[in-house]
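The structure appears right after this line, and notes come after that.
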Protein chains: 2
Amino acid sequence: MKKQGEAKEGAKRGRGRPRGATEQGLETRQHLYETSLRLIAARGFDETTLRDIAQEAGVSVGLLYRYFPSKRAIVLALYEELSARYAEAAVKMGVGPWRERFLFALRTSLEVLGPHREPLTALVPVLVGGKEEGLFSPGTAFSRLRVQGAFVDAALGATDAPGGTTGPALGRVLYMVHLAVVLWWLLDKSPRQRATDGLIRLLERLLLPASLALKVPGAGAFVRTADALFRQGLLGEPAAPGDAGEEPAS
Amino acid sequence: MKKQGEAKEGAKRGRGRPRGATEQGLETRQHLYETSLRLIAARGFDETTLRDIAQEAGVSVGLLYRYFPSKRAIVLALYEELSARYAEAAVKMGVGPWRERFLFALRTSLEVLGPHREPLTALVPVLVGGKEEGLFSPGTAFSRLRVQGAFVDAALGATDAPGGTTGPALGRVLYMVHLAVVLWWLLDKSPRQRATDGLIRLLERLLLPASLALKVPGAGAFVRTADALFRQGLLGEPAAPGDAGEEPAS
DNA sequence: TATTTTAAGTGAACGCGTTCACTTTATTTA
DNA sequence: TAAATAAAGTGAACGCGTTCACTTAAAATA
C-alpha cells in the first residue's frame, strides 16, 4: 500500500528543516499525530511520555522529533487543525449587530475546541506566552491571524459596524476577549465547565450597554487604545505615535 | 557563630515533613533562598539550574529538597514574602470611594512586586493554575487570602461601600481584576512594561461608569454572580443554591 | 544497472528536576 | 560520658524531554 512517487514541488517547503517530504513521511507523521493525541486524551498530557507514544506507535523516540519540534508542538498541531475548522464554521455568521455576531463567533469557537479540552489544556502555558513558542510568536502567527480574522469580520460586517480604523480595532479587541474566555474555559474547574456558561451569560449582559456606549463620541478612541495596548503588551509591537502608553517628551 | 540550642516549640510546625527545625537549618534555608533568587534574578528562571544553585551555595543538590519541595517553590516563597509586605503597605489606604481605594491597592501591589518581576514570571504557570501547586490550591491559600483581604477591605471600608453580601463579593471580584492585571504585567512584552500603565489608565476610565452602574438596582446581583463564578471556576467550589451557572431542574 | 544523494528511522547519551538510600553531625536521653 | 535519636547533608540514580552520531531505505542521477 505504500506508494513512493512525486517529489516535485521541491525547495519551497519553507519553515523548519526536514519534514514529511515524501508520502511515506506524511503517513508516518499522521500516524504519530493520531497516536499521540489518543494517548494524551486518555491519560493526560503530563502522564503521557514520549517513550509511551513511541512504543505505542512502534517507532523510536528520536523519530518523533523529525516530525514535531517538541512535545507541545503535537498539541499545537491539533490547535492549528481546529482553528482551520473553526474558520470554516465561522463564515456562517448571520447578519446583525456586532455583539450578536461576536457571541456567535465565541460560541462557535468553544464548540469546535470543546471535544479536545484535555489535550488543549497543555497549551495554557503557551497561550499565556512562553518564550519563543506560543500563540503570540511568529511561528503560530498563521493560526492566530486566521482566527482573529473571523472576529474582525464579525465587527466589520455588522449592521452597526464602527467606521474608520475603529472597526478592525474592535474586531481585534473582541478576539482578545475571546482568548480570555478560552483561557478561562481551559482553567475552569467546575463540573462540566459550567462556570464558563455563566461567564458568557455575564458577558452577554455586559455587551448591550457596551455597544450603546460605543456610539458616544470618544468611545472609538477607547477601543483603539485597547487594541494598541494589546499589540504592544502581548506582541511586543512598538508603540505608534499617538498611541496610549507613551510617555510625554519631558 | 553557629548557635545550636532551642528546639522547644516541638511538634506543631505543621505542613510538610522535615523543615528547618534547628537554627542551623533556618540559616541554611535562608542562605539557599538568597542564593537562588540572586542567580534567578540575574540569569532567569529556566537558565538557572539547581546544580548551579547548589554549587554557588556550596551544598549538594539533594539538600535543596530538604528546604523547598520544588524549584518553583523557591519563587513561591518569594511571593509569600512579598504578599506579607504588601499586606503591611495596603493598610495605609485612605478614605474614599471604592474605585479609588481599589486603584491604590492595585498600584501598591505592582510597586511591591515590581523589583522582582524576573523571578516572578516563573510563577505564571502557577498563577494560571497548574495541577496541585499554584495560587488556587490549598497550599498557598494563606497568601491568597491575605492579599484578597486587602481588596475586600478596600471595598468594605469605602465611603460608597455596597451593603449586604455585595460588599465582600465586590472585594473578591476586585481581587480577581487585580490578579488579571498582575498576570498582564508579567506577560507584558513592551519596554519597561509600559503597556501596563496604559491598561491601568484604561481601567481607571472604566471604573467611574462602573461605580455609577453599581448603584442601579440589580447591579449588586451582577457582582455577586461574578464572584460566585470565580469561586466555582477557579477554586472548584460547589455552586450554592441561587448562584448563576446552575442548570434548571428539567 | 551502479552510484550518488536525500529522506526515514534508530538508540544511546545529555541535561534537567526530582528522589532515595545513605553518611555525617548535632541534640536528646540513659 | 555513652548510647540512641533525629536533623542536616551527600551524591548517585531515575525518568523525563531533547539531541546527536549513526544506520537503513528510498529516490534521483549516471
* To do: Could you encode protein contacts along nucleotides 10-19 of chain D as a string, one character per nucleotide from 5' to 3', using B for base contact, S for sugar-phosphate-only contact and - for no contact, with a heavy-atom cut-off of under 4.0 Å?
  => BB-B--BBBB
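Using a 3.5 Å distance cut-off with no hydrogens or angles, the side chains of A/R43 and A/T48 do not pair a donor with an acceptor.
Every residue meeting the side chain to side chain contact (heavy atoms under 4.5 Å, CB included) condition with A/R38, not counting sequence neighbours, appears here in chain and number order: A/T35, A/E56. Under the rule for a side chain to side chain donor-acceptor pair (under 3.5 Å), B/T108 has no partner lying at least two apart in sequence or in another chain. Contacts of A/D227 classified as salt bridge (Lys or Arg N to Asp or Glu O under 4.0 Å), with partners at least two apart in sequence or in another chain: A/R172, A/R231. A search for side chain to side chain donor-acceptor pair (under 3.5 Å) contacts involving A/Q148 returns nothing, not counting sequence neighbours.
Summarising the geometry, the separation between CD on A/Q55 and C1' on C/dG9 is reported as 17 Å, rounded to the nearest angstrom. Computed from coordinates, the B/H31 NE2 to D/dG9 C1' distance equals 13 Å when rounded to whole Å.
You'll find the side chain of B/Y33 reaches within 4.5 Å of the side chain of B/L78, heavy atoms only.
Salt-bridge annotation for B/E111 and B/R107: absent, with no side-chain N of the basic residue lying under 4.0 Å from a carboxylate O of the acidic one.
Side-chain N/O atoms of B/Q24 include none lying less than 4.0 angstrom from OP1 or OP2 on C/dT27.
Of the residues in residues 36-44 of chain B, not one places a heavy atom less than 4.0 Å from an atom of DNA chain D.
For the pair A/K71 and A/F45, the cation sits on the ring face: its NZ or CZ lies under 6.0 Å from the ring centre, inside 45° of the axis.
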